[in-house]
Amino acid sequence: MQASLKHPNFTSAILEWYRIHQRDLPWRGSRDPYAVWLSEIIMQQTRVAQGTPYYRRFLERFPEVSDLATASEEEVLKLWQGLGYYSRARNLHAAARKVAFEWGGKFPESYKGLLELPGVGPYTAAAIASICFELPHPVVDGNVFRVLSRYFDVDIPVDTGPGRRHFDQLAREVMDPGQIGRYNQALMEFGALQCVPANPDCASCPLVQSCGAHAAGTIGQRPVKQGKTRIRKRYFHYVMPIGPDLQTLLIRRGGPGIWQGLYEFPLLEQEADPTPAEIGALITTHCGTRTTIGTITRFNDAPRVHKLSHQHLYTTFWLARAEGLPEGALPLSEAEELPVPVLIAEFMDTVKNSYF
DNA sequence: AAACCGGGGTG
DNA sequence: CACCCAGGTTT
């Protein structure tokens, strides 16, 4: 078994561990750039268990990159709904169009070329280049940061420029260029299953005897991160207009900010409860002066807290009887065809079951 | 360099 | 509750 020059022990142990413990994932074994790219974008900052159903649905609906390229962005976002980080979906669509319409349906076969795809950064380019084309680029993801920072007991923060450069170099030194695709997947799999973030089972680890952090007792402090993420509180008041024929209105959210391209009900962002006049003005803004508001009822007594990574959304839903809604108004059944945030999808479900 | 971007799982 | 997840883009 060939291995890296500088740390053959580490490299061969990872590969041997992988031979025994690797999971049977749907995209594993494929060297088709489209399938590998799709899996990598979906799995960015996403657990395998959460992303796998999406991967299957995308590949079934879009068997080839041309199918994805000719679809509407709205359909792509709808299929992405619930997975989060929706810029991934918009970039996925844009990248597919680039491959299909500018590059003749063929993915770039170099690291630099792959980086030109929107949504493809250093990690994803290295993953595709190594898995599909056996190009000697080490992947450096969250798993790799953790495994290397522990094995070499590195206390340089991983989320800094110097840290990034240090771990890139380290990853390069321990890689096996002779089977780079397999090795990259092995290292990530090792991080995902063996060298886990909390309470790793070091007793069963094949590298325990040479692990720096284990010897130093610093396993729980690796990797070092400096990032401090403050959570912002926001107060949303969604007003769902309901016409005489139970039609409603959804608005496409623009940028910048969360949920770009997704649909939501007319929104007032303020802490205090909106007055009937404010709700009327909101509806007028979106529907024009021909629309009139009838009874307004508060749907949820206490604000529903929707938690994102960096924001807590304290949300109240209001139902507003309305007449003279514009042409764009939709029956609820059609509204469900549009891509919406999970918060809105859950509300629409509740309304359907309790109100009508 | 730092901020921003989702939703869900886990201890 | 804090942390993390097969990260990338924008400012």
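Naming convention: chains lettered A, B, ... in sequence-line order (proteins, then strands); numbering from 1 in each chain.
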Once you measure the plane-to-plane angle for Trp318(A) and His237(A), does it fall in the parallel (<30°), tilted (30-60°) or perpendicular (>60°) bin?
tilted

Just to be sure I understand the rule, does Ile131(A) reach a base, reach only the sugar-phosphate, or reach nothing, if contact means heavy atoms closer than 4.0 Å?
nothing

dG7(B), OP1 or OP2 - any side-chain N/O from Tyr86(A) closer than 4.0 Å?
yes

State whether a side-chain donor-acceptor pair under 3.5 Å links Ser204(A) with Gln194(A).
yes

Nearest listed nucleotide, side chain of Pro341(A), among dA6(C), dG7(B), dC5(C)
dG7(B)

Would Tyr123(A) and Gln44(A) count as having a side-chain donor-acceptor pair, cut-off 3.5 Å?
no

Rounded to whole Å, the CD-P distance (Gln260(A) to dC5(B)) equals 9 Å

If you only use heavy atoms from C-beta on, which nucleotide in dC5(C), dG6(B), dA6(C) is closest to the side chain of Pro197(A)?
dC5(C)

Does Trp80(A) make a side-chain N or O approach to OP1 or OP2 of dC5(B) shorter than 4.0 Å?
no

Distance in angstrom units between Gln45(A) CD and dC3(C) C1', rounded:
12 Å

Nearest-angstrom distance, P atom, dC5(B) to dA6(C)
23 Å

N/O-N/O pairs, protein side and nucleotides 8-11 of chain C side, under 3.5 Å:
residue	atom	partner	partner atom	Å
dG8(C)	OP1	Gly121(A)	N	2.8
dG8(C)	OP1	Gly121(A)	O	3.3
dG8(C)	OP1	Thr124(A)	N	3.0
dG8(C)	OP1	Thr124(A)	OG1	2.7
dG8(C)	OP2	Tyr123(A)	N	3.2
dT9(C)	OP1	Gly119(A)	N	2.6

Nearest-nucleotide comparison on DNA chain C, the residue closer to the 5′ end among Ile231(A) and Arg146(A)
Ile231(A)

Taking the P atom in each of dG6(B) and dT11(C), what is the distance between them to the nearest angstrom?
15 Å

For dG6(B) and His310(A) - does any side-chain N or O of the residue sit under 4.0 Å from the phosphate oxygens OP1/OP2?
no

Among dG6(B), dC1(C), dA6(C), the nucleotide that comes nearest once only the side chain of Lys307(A) is considered
dC1(C)

Phe347(A)/Phe299(A) aromatic ring centres below 6.0 Å:
yes

Would one find a side-chain N or O of Gln226(A) under 4.0 angstrom from OP1 or OP2 of dA2(B)?
yes

Among Leu77(A), Leu79(A), Ile344(A), exactly one meets side-chain contact (heavy atoms from CB on, under 4.5 Å) together with Pro339(A). Which residue is that?
Leu77(A)

Of the listed dC5(B), dG7(C), dG7(B), the closest approach to the Leu308(A) side chain comes from dG7(B)

Hey, what are the protein-to-nucleotides 9-11 of chain B N/O distances that come in under 3.5 Å?
residue	atom	partner	partner atom	Å
dG11(B)	O3'	Asn199(A)	ND2	2.7

How would you label the contact of Ile41(A) with the nucleic acid (heavy atoms, under 4.0 Å): base, sugar-phosphate, or nothing?
nothing

Nearest-Å distance, CD1 (Ile258(A)) to C1' (dG6(B))?
9 Å

Using a heavy-atom cut-off of 4.0 Å across all strands, would you classify Gly257(A) as base, sugar-phosphate, or nothing?
sugar-phosphate

Check: His166(A) ring centroid to Phe152(A) ring centroid under 6.0 Å:
no

Should the pair Trp17(A) and Phe190(A) be assigned to parallel (<30°), tilted (30 to 60°) or perpendicular (>60°) ring geometry?
perpendicular

Is Gln311(A) touching bases, backbone alone, or none of the nucleic acid, heavy atoms closer than 4.0 Å?
sugar-phosphate

Is the shortest side-chain heavy-atom distance between Trp103(A) and Leu117(A) below 4.5 Å?
yes

With sequence neighbours left out, write down each residue that passes side-chain hydrogen bond (donor to acceptor under 3.5 Å, both in side chains) with Asp153(A), or none if nothing qualifies.
Thr218(A), Arg222(A)

If I take atom CG in residue Asp168(A) and atom P in nucleotide dG7(C), what distance separates them, rounded to the nearest angstrom?
14 Å

Do Pro33(A) and Phe133(A) come within less than 4.5 Å of each other through their side chains, counting heavy atoms only?
yes

I'd like to know if Thr46(A) reaches the base of dG8(B) with its side chain such that a donor and an acceptor end up less than 3.5 angstrom apart.
no

